[in-house]
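Hydrogens, waters and symmetry mates are skipped; everything else that's a heavy atom, side chains included, is used. Keep in mind that what you see is a predicted model, and the values were worked out from it rather than measured.
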Amino acid sequence: QVQLVESGGGLVQPGGSLRLACAGTGFAFDNYGMRWYRQAPRKAREFLAAIGSAGGSTSYADSAKGRFTISRDNAKNTVYLQMNSLKPEDTAVYYCNAGTQRSGYVYWGQGTQVTVSS
């Protein structure tokens, strides 16, 4: 039974930082690529960042470059998203996503709310 659980969201002021975490169980975590997405109300789900199974390759959306950093600790079956210089437009539910090239990225967490407001 695959399960992904996000944590670390909350309310922060503009310019602040948060570190999100996503813990995976029920699958071979170190064989799976991981991604972070977000979805704001009335908007489509937006890709943010991806990391390879061993953590050796990363990619970022333009909206995340320079401010967000994806990383993983396979010993803890956890992927992270460090978010700095947060802006009100970063307000959204943040989701992690797992998969392989063969299966597709079909596993999703329930999300964690990030609210950036003064």
Separation of Glu89 CD from Arg38 CZ (nearest 0.5 Å) | 8.0 Å
Are Tyr95 and Met83 joined in one hydrophobic group, where the rule is that I, L, V, M, F, W and Y side chains link up if heavy atoms are under 4.5 Å apart?
-> no
Mark yes or no for whether Tyr60, through its side chain, and Ile70, through its backbone, hold a donor-acceptor pair below 3.5 Å.
-> yes
Between Ser17 and Gln82, does any side-chain donor sit less than 3.5 Å from a side-chain acceptor?
-> no
Return yes if some donor-acceptor pair links the side-chain N/O of Asn77 with the main-chain N/O of Ala23 below 3.5 Å, else return no.
-> no
Looking at Tyr80, does the NZ or CZ of Arg19 lie under 6.0 angstrom from its six-membered ring centre and within 45 degrees of the ring axis?
-> yes
Ring-ring centroid check Tyr37 Phe47, cutoff 6.0 Å = yes
Do Leu86 and Phe68 have side chains that get closer than 4.5 Å, going by heavy atoms?
-> yes
So, Arg67 and Asp90, do they make that salt bridge, N to O below 4.0 Å?
-> yes
Do the ring centers of Phe27 and Tyr32 come within less than 6.0 Å of each other?
-> yes
Kindly indicate, with the supporting measurements, whether the criterion side chain to side chain contact (heavy atoms under 4.5 Å, CB included) is fulfilled by Tyr105 and Met34.
-> CA-CA 8 Å; Tyr105 280 73; Met34 300 295 298; 6.0 Å; no
Compare all side-chain heavy atoms of Cys22 with those of Trp36 and state whether any distance is below 4.5 angstrom.
-> yes
Working to the nearest 0.5 Å, report the span between CG of Asn31 and OG of Ser103.
-> 11.0 Å
What is the minimum heavy-atom distance between Ser63 and Leu48, and which atoms define it?
-> OG-CD2, 3.8 Å
State, with a plain yes or no, whether a side-chain heavy atom of Ser117 is found less than 4.5 Å away from one of Pro88.
-> no
So does Gln110 have more than 12 non-hydrogen atoms from other groups sitting under 6.0 Å from CD?
-> no
Quick one: is the NZ or CZ of Arg35 closer than 6.0 Å to the six-membered ring centre of Trp108, and within 45° of its axis?
-> no
If every non-hydrogen atom of Ala40 is compared with every non-hydrogen atom of Thr91, which pair is closest and at what distance?
-> CB-O, 3.7 Å
Using the rule that two of Ile, Leu, Val, Met, Phe, Trp, Tyr join whenever any of their side-chain heavy atoms come within less than 4.5 Å, decide whether Phe29 and Val2 are in one cluster.
-> yes
Distance, nearest 0.5 Å, that separates CG of Leu11 from OG of Ser118 = 10.0 Å
Hey, could you give me the CG/CG distance between Leu81 and Leu18, rounded to the nearest 0.5 Å?
-> 9.5 Å
Which pair of non-hydrogen atoms, one from Thr78 and one from Lys76, has the smallest distance, and what is that distance?
-> OG1-O, 2.8 Å
Least distance between heavy atoms, Gly52 atom then Arg72 atom | O-NH1, 2.8 Å
Locate the shortest heavy-atom distance separating Asn74 from Ser53; write the atom from each residue and the value.
-> ND2-O, 3.0 Å
Among Val79, Val93, Leu20, Thr112, find the residue that satisfies the side chain to side chain contact (heavy atoms under 4.5 Å, CB included) test when tested with Glu6.
-> Thr112
